[in-house]
Visitor: 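Please read through the structure below; I'll follow up with questions.
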Amino acid sequence: MALTMFRGIKCCPFSMYPSALVARKHVFLYCTMNNSPSQTATQDKAQANAKVSTQSKKMSKVAKDYEAIIGIETHVQLSTLTKAFCTCPYNYGSQPNSSVCPICMGLPGALPVLNSKVIEYAVRLGLALNCELSFNSKFDRKQYFYPDLPKGYQISQFDVPIATGGFIDLDLPVEFGGGHRKFGITRVHMEEDAGKLLHTGNGSFSQVDLNRAGVPLLEIVSEPDMRTGIEAAEYAAELQRMVRYLGISNGNMQEGSLRCDVNVSVRPWGQIEFGTKVEIKNLNSFSAMNRAIDFEIARQELLHSQGQADQIVQETRLWEEGAQKTVTMRKKEGLADYRYFPEPDLPAVNLTIKYVDDIRDSLPELPEMKRRRYETMGLSMQDILFLVNDMDVADFFDATIAKAADVKLAANWIMGDIAAYLKNEKLSINEVKLTPEELGELIASIKSGTISGKIGKEILFELLAKGGTVQGLIKEKDLVQIADPVEIEKMVDKVIADNPKQLEQYRGGKTKLQGFFAGQIMKASKGKANPGILNKILLEKLNAKS
């Protein structure tokens with residue numbers, strides 16, 4: 001049996017990664033596993049999209065007869081300094097097998113010691129998700145064989161997770177119909193990550209990197225409360241926001257810090273029993289999650305409508321981005337296959353009321369609380385979702401309005417010119433030179449009439465790129481707005497006198513030429529003329545009888 005299981009596995013010498021060997025004495029041998037060539041056919045994306053579109057049209061006729069049931073298992077990698085049960089650090093992208101030790105490699109005689117930060121972060125997330133905490137929980141061994149699982153089992157939690165029975169609130173974007181949603185959380189439990197298989201380009205073998213083995217994870221299991229791909233994607237996005245606000249994970253999907261496995265089943269409307277559950281993996285973005293779920297729902301609905309519901313089996317499927325479809329990966333294991341039993345090398349996890357209360361008191365304002373607060377300020381849900389999506393942007397906005405800046409104007413500046421600048425320069429809001437205090441001063445200067453909106457934009461981009469103060473730039477560049485009607489009238493008279501042909505055309509009915517005159521006056525004033533006063537005087541002069 002052992003020979004069969006390990007057939008095709010070969011060992012590569014340490015010399016493949018000599019630098020790793022020098023850096024740490026305990027670097028383990030680098031294992032590789034032979035693979036058969038990929039059986040999955042790749043297709044042109046445009047052709048695949050056309051097929052999806054055709055299928056969608058067919059399914060629109062039968063979709064009204066069925067209801068989709070969706071639940072999500074989310075793994076969040078914790079931002080602790082060391083792994084869950086040893087002192088090895090974890091840095092994404094580091095040299096393979098350069099951050100390993102006998103404990104995370106599962107060598108005989110090596111005993112795990114729990115990182116206390118894992119418990120703290122688990123409690124923080126459990127409280128944020130409105131869960132009931134287990135004051136006495138334990139760890140269990142989850143048995144399964146896979147090349148990147150060195151011990152042959154994973155330390156996890158089974159029957160007594162640290163948190164259960166919570167919920168999460170979110171608001172759907174306006175473009176997806178809007179509305180408030182509440183989804184149940186079944187459980188949150190602690191566990192360790194496995195290693196990672198690195199597949200070669202020709203698919204002939206795979207290499208095992210154990211850097212990630214033992215990295216602490218929190219698994220969040222939702223109730224099957226979602227019904228569409230949009231709801232599922234927004235649920236996952238809200239979890240990402242939450243772990244970032246809590247400071248327990250960076251939540252980056254591209255680094256594997258947040259991974260979602262989606263369970264989808266379909267049943268006829270009115271049926272109480274769930275249909276056969278299918279799990280979807282390989283979802284590396286929220287948009288991919290949305291599309292994968294919608295495809296899988298359509299696939300299952302079509303089989304139901306054709307009387308082939310028995311062909312829907314409990315399995316794990318992969319999402320193929322190029323082909324825009326799900327494909328079979330493996331049949332799904334059941335609980336009995338994992339042979340759970342209590343982890344004998346770790347003590348029970350016992351929490352005290354004071355410990356939990358201290359963590360509860362330290363929780364920040366979470367995304368849902370922030371959205372409700374912004375609503376009371378009169379902001380639209382579109383504005384709110386933009387601001388709250390990024391914790392740093394929300395903090396910048398809060399700091400701006402703390403100095404009595406106009407709430408709506410502050411939101412508009414951040415969502416408009418500032419967001420465009422960040423996108424173009426590929427920067428975060430914490431990387432620009434502009435401070436919230438100076439943005440508030442800029443808004444106040446425009447509202448008071450000290451500078452015009454046009455001048456305000458020029459100052460904004462100067463502050464974003466080079467820093468400084470609003471008042472300093474106004475003084476240095478002589479940007480104070482001209483609000484004296486007499487001075488503006490002189491400019492108007494000169495521009496009109498210099499353009500007799502355009503004046504005649506205006507009075508002949510080409511009233512759009514008002515913009516031409518206004519532009520010439522703003523040019524003459526170097527953008528400093530007060531637009532309101534300018535247009536009032538200009539109209540009086542243009543419409544005056546000659």
Side-chain angles (χ1 to χ4, degrees), residues 374 377-380 382-384 386-387 389-492 495 514-538:
Y374 287 174
M377 296 179 182
L379 292 175
S380 69
Q382 187 175 7
D383 294 350
I384 292 169
F386 180 92
L387 295 170
N389 184 59
D390 187 318
M391 181 178 63
D392 293 331
V393 171
D395 289 344
F396 192 95
F397 172 74
D398 284 337
T400 300
I401 62 175
K403 299 297 183 181
D406 184 282
V407 171
K408 182 59 179 172
L409 288 177
N412 289 345
W413 279 97
I414 292 171
M415 295 172 59
D417 293 297
I418 294 175
Y421 179 86
L422 296 177
K423 183 177 180 181
N424 290 337
E425 299 298 323
K426 295 180 173 58
L427 297 172
S428 70
I429 201 162
N430 288 337
E431 294 175 312
V432 296
K433 305 294 185 180
L434 174 70
T435 65
E437 293 74 20
E438 289 307 314
L439 177 59
E441 180 66 26
L442 183 65
I443 293 170
S445 297
I446 295 172
K447 283 193 72 176
S448 67
T450 303
I451 57 174
S452 65
K454 182 180 178 182
I455 294 294
K457 284 194 176 187
E458 293 177 12
I459 292 176
L460 175 70
F461 291 121
E462 182 88 7
L463 293 172
L464 285 166
K466 301 179 181 178
T469 65
V470 173
Q471 295 304 322
L473 288 172
I474 290 174
K475 184 176 180 181
E476 177 188 335
K477 298 178 182 291
D478 189 23
L479 300 174
V480 176
Q481 184 169 249
I482 300 171
D484 183 357
V486 175
E487 189 174 350
I488 292 176
E489 185 176 5
K490 290 178 182 177
M491 296 181 192
V492 173
V495 169
Q514 179 191 344
F516 164 78
F517 286 103
Q520 292 300 307
I521 297 164
M522 289 301 289
K523 184 178 179 181
S525 69
K526 297 181 179 178
K528 295 190 288 183
N530 183 292
I533 299 173
L534 183 155
N535 284 313
K536 182 175 181 295
I537 295 174
L538 178 61

Visitor: Can you tell me how far apart CE (Met522) and CG (Asn535) are? Round to the nearest 0.5 Å.
Guide: 9.0 Å

Visitor: Side chain to side chain contact (heavy atoms under 4.5 Å, CB included) between Thr435 and Leu439: does it pass, once the steps are laid out?
Guide: CA-CA 6 Å; Thr435 65; Leu439 177 59; over 6 Å; no

Visitor: Assess the residue pair Leu387 and Leu379 against the criterion (side chain to side chain contact (heavy atoms under 4.5 Å, CB included)); give the C-alpha distance rounded to whole Å, side-chain angles, the decisive distance to 0.1 Å, and a yes or no.
Guide: CA-CA 10 Å; Leu387 295 170; Leu379 292 175; 3.9 Å; yes

Visitor: To the nearest 0.5 Å, tell me how far Ile446 CD1 sits from Ile455 CD1.
Guide: 10.0 Å

Visitor: How long is the gap from NZ on Lys433 to CG on Leu427, to the nearest 0.5 Å?
Guide: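 Separation between the atoms: 10.0 Å.
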
Visitor: Got a sec, which residues hit side-chain hydrogen bond (donor to acceptor under 3.5 Å, both in side chains) with Glu441, two or more places apart in sequence or on another chain?
Guide: Gln471

Visitor: Shortest non-hydrogen contact from Ser445 to Ile474?
Guide: OG-CD1, 4.3 Å

Visitor: Is any side-chain heavy atom of Ile488 less than 4.5 Å from a side-chain heavy atom of Leu538?
Guide: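 Ile488 does not reach Leu538 side chain to side chain.
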
Visitor: Would you say Asp417's side chain and Trp413's backbone share a donor-acceptor pair under 3.5 angstrom?
Guide: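 No; judged by distance alone, with no hydrogens or angles, the pair does not exist.
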
Visitor: Taking C-beta and beyond as the side chain, do Lys526 and Asp478 meet within less than 4.5 Å on heavy atoms?
Guide: no

Visitor: Do the side chain of Ser452 and the main chain of Gly527 share a donor and acceptor less than 3.5 angstrom apart?
Guide: yes

Visitor: Test Val495 against Met491 for side chain to side chain contact (heavy atoms under 4.5 Å, CB included), laying out the working first.
Guide: CA-CA 6 Å; Val495 169; Met491 296 181 192; 5.5 Å; no

Visitor: Output all residues satisfying salt bridge (Lys or Arg N to Asp or Glu O under 4.0 Å) with Lys536, sequence neighbours left out; order by chain, then residue number.
Guide: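 For Lys536, the residues satisfying salt bridge (Lys or Arg N to Asp or Glu O under 4.0 Å) (neighbours in sequence not counted) are Glu540.
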
Visitor: Please name all residues satisfying ring pair (Phe, Tyr, Trp, His ring centres under 6.0 Å) with Tyr374, sequence neighbours left out, ordered by chain then number.
Guide: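 So Tyr374 forms a ring pair (Phe, Tyr, Trp, His ring centres under 6.0 Å) with Phe397.
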
Visitor: Which atoms form the tightest heavy-atom contact between Pro485 and Ile533, and what is the distance?
Guide: CA-CG2, 4.2 Å

Visitor: Got a second to check how far Ile418's CD1 is from Leu463's CG, nearest 0.5 Å?
Guide: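 Result: 9.5 Å between the selected atoms.
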
Visitor: Using side-chain heavy atoms (C-beta onward) and a distance below 4.5 Å, is Val480 in contact with Ile451?
Guide: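 Of all side-chain heavy-atom pairs linking Ile451 with Val480, none is under 4.5 Å.
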
Visitor: Any heavy-atom pair between the side chains of Asp390 and Phe396 that's under 4.5 Å?
Guide: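 The answer is no, as the side chains (C-beta and beyond) never meet within the 4.5 Å cut-off.
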
Visitor: Rounded to the nearest 0.5 Å, what separates atom OG1 in Thr469 from atom CG in Leu442?
Guide: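 If we round to the nearest 0.5 Å, Thr469:OG1 and Leu442:CG are 11.0 Å apart.
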
Visitor: If you apply the rule side chain to side chain contact (heavy atoms under 4.5 Å, CB included), what do you find for Asn389 with Val393, and how did you get there?
Guide: CA-CA 8 Å; Asn389 184 59; Val393 171; over 6 Å; no

Visitor: Salt bridge check, Lys408 against Asp383: does any charged N sit closer than 4.0 Å to a carboxylate O?
Guide: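 Counted as a salt bridge, because a side-chain N and a carboxylate O are separated by less than 4.0 Å.
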
Visitor: Looking at Val470, is its backbone amide N or carbonyl O close enough to the side chain of Glu438 to form a donor-acceptor pair, meaning the two atoms are under 3.5 Å apart?
Guide: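 Judged by distance alone, yes, a pair lies under 3.5 Å.
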
Visitor: Rounded to the nearest 0.5 Å, how far does CD1 of Ile443 lie from NZ of Lys403?
Guide: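 Output value for this atom pair is 14.0 Å.
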
Visitor: Side chains of Ile401 and Met377: does their closest heavy-atom pair fall under 4.5 Å?
Guide: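 In contact.
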
Visitor: Grab the two heavy atoms, one from Thr400 and one from Gly440, that are nearest each other, plus how far apart they are.
Guide: CG2-N, 3.9 Å

